[in-house]
Amino acid sequence: MSSFISKVKRTHYCGDLGISNAGETVVLMGWAHRRRDHGGVIFIDLRDRTGIAQVVFNPEKNAEAHAEAHKIRSEYVIAVKGTVITRLEGMENPSLKTGQIEVMAKSVEILNESKTPPFLLDTDTEISESIRLKYRYLDLRRQNIQDNLILRDKVASGTRNYLHDNGFIEIETPFLGKSTPEGARDYLVPSRVNPGSFYALPQSPQLFKQLLMISGFDRYFQIVKCFRDEDLRADRQPEFTQIDMEMSFVAEDDIINVIEGLMATIFKSALNLDLLPPFPRLAYAHAISRFGRDNPDTRFGLELVDLTDILKYSNLKFFSDTVSRGGIIKAIKLSEGRRLTRKDLDVLPGYVSDFGAKGLAWARVNESGWTSPIFKFLSPSEVQTINSRMEATPGDLIFFVADSHKIVHDSLGNLRLHLADKLNLVQPDSFSFTWITEFPMFEYSETEKRYMATHHPFTAPVQEDIPLLSTDPGKVRARAYDLVLNGSEIGGGSIRIHRSDIQSLVFKALELGDEEVRGKFGFFLDALEYGTPPHGGIAFGLDRIVMIMAGADSIRDVIAFPKTQKATCPLTEAPSPVSLAQLMELSLKII
RNA sequence: GGGGUCGUAGUUAAGUCGGUUAUAACGCCGGCCUGUCACGCCGGAGGCCGUGGGUUCGAGUCCCAUCGACCCCGCCA
């Protein structure tokens, strides 16, 4: 039995040691990060989750420990007992938090050996993700990933503390639930004892949290996994974590106030940053009109400007024809347009074509007019009016898109982000929150040939728009709000419908049949009839918040064991086939 | 479902116009080295060039297919 662990206990974490520990005898345990063998003296950088401390093995001072240190290789697990000494002048390492001290080893024990790791565990080299995920337990030893997960813990615990302090009660809701027709594709779980029937994993605990309001819990929250079987993105995983909450007897402002307090609290506790609520609010229609998206990044300009009225009778047929077909013309202006070369301009139409734009016109503004392929088709007064509305001055570069409402906003909204990224228009480590309000209740789906809920079908309509539910659903505004941080939707919620008659009107507007509604949501409609308090709530994507706070490029960097883009786990090799016996037990057959 | 980038040693990359034995750095192994901290110096091992097919006298390089990683569109109430 090892004398370390059983008798000699760890006294300190490596990263916590400093000048104040000088002279103390300490016991450290951790991984050999690096070994520098000088033939005589050996240095070992000992690493644990707090950081690195240099351990010195001197053959003249302790031959036995020095001999043992010879055997140590990368990632060996070792225990060291030694004395903290202040490094002599000129021997400090300023790049190390503990660089003013080192530990003179008296004894050492190799607690476990390690195979040579498949990649270096430093932060400098970028290792391909498939290898990182296959050896995720090693990848997770790396400092930056550990930092991310520690930050995540701070955000989660800060959230729990804040919400408890504000009277919220954490309540768990089922993972094995009922499949719902609206929304994302469900992950299904077959029921063994009910052959042919399936549970669905929750896309969110939406109905359960509303039921908890009906039950009188008044303020509920939960930090909980949600599941959506849709294609993955850099900021989307099939299972992700929500900060989910619901409050009774509230209106929009009550929820917004609680959330602004929550954001201020976690940014303070996790990043020591002081946010300054209230956050600006922007109506959905204005967000689309000015930024082309409902999740605008407001940290830089390049706002969309409407030129439809100026160009609707233009000699440029593409412009005038677009307008006569009901389209619009908008533009964005880039200052310092010289930063884009002619070659850059040539590839941008390809970029906006992803969003359906058939073309991208551009104009370089100069003293005498424009340098632009479309200049000769425009009248001097059109050019002048555009310059004046765009507030364009020589050197600026203007981009135009003429197309349908949706394509113009999609393409310019994304071009705006693309240019900001390419030209570094955004100051890193800056955080900009915006509430988006007054969402439309419904959006018409061309594929489904019916209206779909923008938010979800339990969102309350604005009171004065209720009559429109049966006459003109497209015009109904929802009592919904999203919180956008740096151009990412990090949370969204709404005041809910608490009357069953209104809920029925909404289902009608969605053209869901009575039978289908009864079958899928009957239990909920019943519950609404037993004294439902007015209530509302919101849910946040914890992963996304942490990702933005950490400055990570991918949501996978803030999740301990994430899935690849094909929703597999290279470490465990999930998903995998199962035995015939398992299938038979579930009454399932592979087709 | 669609578009794109990529796949060469354990890792990260180079590899020209198709041409002889496929390079480098780091890592690894051995030797030397008592103050380094990405230690240094000397030596060494290490390759189904993702996989399969094709073109060619000849393929890491060209073509087709396929698998995988990533980014995007669709999708994500």
Side-chain angles (χ1 to χ4, degrees), chain A residues 33-46 52-61 66 73-75 85 87-96 98-99 102 104 115-135 138 180-186 203-204 206-207 226-238 240 347 350-356 410-411 414 417-418 421 439 441-443 445-448 451-459 478 480 489 492 494 506 510 512 539 541 553-554 556 563-566 568 570:
Chain A
H33 189 67
R34 232 181 266 279
R35 185 179 71 121
R36 288 177 295 279
D37 184 345
H38 286 248
V41 69
I42 294 175
F43 300 98
I44 284 177
D45 290 338
L46 187 64
I52 284 173
Q54 173 166 280
V55 181
V56 187
F57 295 88
N58 190 319
E60 287 169 8
K61 299 221 167 98
H66 179 264
R73 295 290 180 275
S74 283
E75 298 309 307
I85 56 171
R87 296 203 199 181
L88 295 176
E89 206 178 314
M91 300 202 302
E92 304 100 335
N93 183 355
S95 58
L96 213 57
T98 60
E102 60 193 1
M104 189 59 72
K115 289 170 73 174
T116 302
F119 49 87
L120 277 179
L121 300 187
D122 56 26
T123 316
D124 304 334
T125 23
E126 293 223 2
I127 311 298
S128 71
E129 263 197 87
S130 45
I131 292 180
R132 286 177 53 198
L133 293 184
K134 182 176 175 187
Y135 298 97
L138 298 180
T180 52
E182 294 277 293
R185 193 177 294 113
D186 284 321
Q203 298 173 27
S204 80
Q206 185 60 37
L207 291 177
C226 299
F227 306 85
R228 295 180 188 176
D229 188 4
E230 298 292 348
D231 286 347
L232 286 71
R233 287 285 188 283
D235 64 350
R236 268 168 30 191
Q237 281 276 304
F240 60 100
V347 302
Y351 178 77
V352 294
S353 72
D354 278 0
F355 306 97
D410 278 357
S411 51
N414 282 292
L417 296 178
H418 179 70
D421 183 48
F439 279 84
M441 189 81 179
F442 308 106
E443 284 165 326
S445 162
E446 291 297 335
T447 47
E448 298 271 328
Y451 282 101
M452 310 279 281
T454 305
H455 215 71
H456 55 58
F458 315 104
T459 298
E489 183 207 320
S494 60
V506 169
L510 290 168
L512 297 178
D553 292 326
S554 160
R556 297 181 297 278
K563 302 283 190 289
T564 66
Q565 194 173 50
K566 285 194 73 182
T568 65

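Throughout, protein chains are lettered first and strands after them, A, B, ... in sequence-line order, and every chain is numbered starting at 1. Given the structure is predicted, the values throughout are model-derived calculations rather than measurements.
Residue contacts for A:Thr123: at a heavy-atom cut-off of 4.0 Å it reaches no nucleic acid atom on any strand shown. Using a 4.0 Å heavy-atom cutoff across all strands shown, A:Arg132 reaches no nucleic acid atom at all. Counting any heavy atom pair closer than 4.0 Å across all strands shown, A:Phe355 reaches sugar-phosphate atoms only and no base atom. Residue contacts for A:Met452: at a heavy-atom cut-off of 4.0 Å it reaches no nucleic acid atom on any strand shown. Nucleic acid contact for A:Ser204: base, since at least one base atom lies under 4.0 Å from a heavy atom of the residue. A:Arg34 comes within 4.0 angstrom of sugar-phosphate atoms only, judged by non-hydrogen atoms across all strands, and of no base.
Residues forming a ring-ring contact (aromatic ring centres under 6.0 Å, His included) with A:His33 (at least two apart in sequence, or on another chain): none. Listed by chain and number, the residues in a salt bridge (charged side-chain N to carboxylate O under 4.0 Å, His left out) with A:Arg132 are A:Asp139, A:Asp557 (sequence neighbours excluded). Here A:Gln565 pairs with A:Leu232 under the side-chain contact (heavy atoms from CB on, under 4.5 Å) rule; sequence neighbours left out. For A:Asp354, the side-chain contact (heavy atoms from CB on, under 4.5 Å) criterion is met by no residue, not counting sequence neighbours.
Protein atom NZ of A:Lys563 is 17 Å distant from nucleotide atom P of B:G68, rounded to whole Å. As a whole-Å value, the separation of A:Asp410 CG from B:C75 P is 10 Å. In this entry the distance linking CG of A:Asn58 with C1' of B:U36 reads 13 Å, nearest Å. Taking atom CD of residue A:Glu92 and atom C1' of nucleotide B:U36, one finds them 14 Å apart after rounding to whole Å. Atom NE2 of A:His66 and atom C1' of B:U36 are 13 Å apart (whole Å).
Under the Watson-Crick and G-U wobble criteria, each requiring two contacts below 3.5 Å, nucleotide B:G10 is paired to B:C26. Across all strands shown, B:G58 forms no Watson-Crick or G-U wobble pair with both key distances under 3.5 Å. Within the shown strands, B:A69 is the pairing partner of B:U5 under the Watson-Crick or G-U definition, both distances less than 3.5 Å. Using the Watson-Crick or G-U wobble rule with both distances under 3.5 Å, B:U20 pairs with nothing in any strand shown. Nucleotide B:C49 is matched to nothing when pairs are restricted to Watson-Crick or G-U wobble geometry with both distances under 3.5 angstrom.
Comparing the P positions of B:G4 and B:G47 gives a spacing of 35 Å, expressed to the nearest Å. Taking the C1' atoms as reference points, B:G15 lies 11 Å from B:A24, given to the whole Å. A distance of about 14 Å separates the C1' atoms of B:C39 and B:C32, rounded to the whole Å. One C1' atom belongs to B:U66, the other to B:G27, and the distance between them is 33 Å to the nearest Å. Comparing the same atom, P, in B:G43 and in B:G19 gives a spacing of 31 Å after rounding to whole Å.
Applying the 4.0 Å criterion to OP1 and OP2 of B:C76, one finds that A:Gln203 has every side-chain N and O outside that range.
The nearest heavy atom of RNA chain B to A:Asp122 and to A:Asn414 marks one nucleotide each, and the one closer to the 5' end goes with A:Asp122. Both A:Pro59 and A:Glu230 sit near RNA chain B, but only A:Pro59 has its closest nucleotide nearer the 5' end.
Donor-acceptor pairing under 3.5 Å, judged by distance alone, is present between the side chain of A:Asp231 and the base of B:G74. For B:C76, the base has a donor-acceptor partner in the side chain of A:Arg236 [N/O atoms by modelled type, under 3.5 angstrom]. The base of B:C37 lies close enough to the side chain of A:Arg87 for a donor and an acceptor atom to sit less than 3.5 Å apart.
Residue side chain A:His38 fails the stacking definition with respect to B:C33, as its ring centre and the base's six-membered ring centre are not both under 5.5 angstrom apart and under 30 degrees in plane angle.
Comparing B:A69, B:C37, B:C76 by their nearest atom to the side chain of A:Asn93 picks out B:C37. Side-chain atoms of A:Arg556 lie closest to B:C70 of the nucleotides B:C70, B:G35, B:A69. Considering only the side chain of A:Lys566, B:G68 comes nearest among B:C37, B:G68, B:C71.
With A:Arg35 contributing its side chain and A:Ile42 its backbone, the two residues share no donor-acceptor pair below 3.5 Å.
When side chains are defined from C-beta on, A:Arg36 counts as touching A:Gln54, because their heavy atoms get closer than 4.5 Å. Using a 4.5 Å heavy-atom threshold, the side chains of A:Val352 and A:His418 count as separate.
More than 12 heavy-atom neighbours from other residues, nucleotides or ligands sit within 6.0 angstrom of NZ on A:Lys563.
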N/O-N/O pairs, protein side and nucleotides 28-31 of chain B side, under 3.5 Å:
| from | atom 1 | to | atom 2 | distance (Å) |
| --- | --- | --- | --- | --- |
| B:C29 | OP1 | A:Arg73 | NE | 3.2 |

For nucleotides 6-14 of chain B, print each protein N/O atom paired with a nucleotide N/O atom at under 3.5 Å, atom names and distance only.
| from | atom 1 | to | atom 2 | distance (Å) |
| --- | --- | --- | --- | --- |
| B:G10 | O2' | A:Pro118 | O | 2.6 |
| B:U11 | O4' | A:Pro118 | O | 3.4 |
| B:U12 | OP1 | A:Ser128 | N | 2.8 |
| B:U12 | OP1 | A:Ser128 | OG | 3.4 |

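A salt bridge does not link A:Arg236 to A:Glu230: none of the charged nitrogens lies less than 4.0 Å from a carboxylate oxygen.
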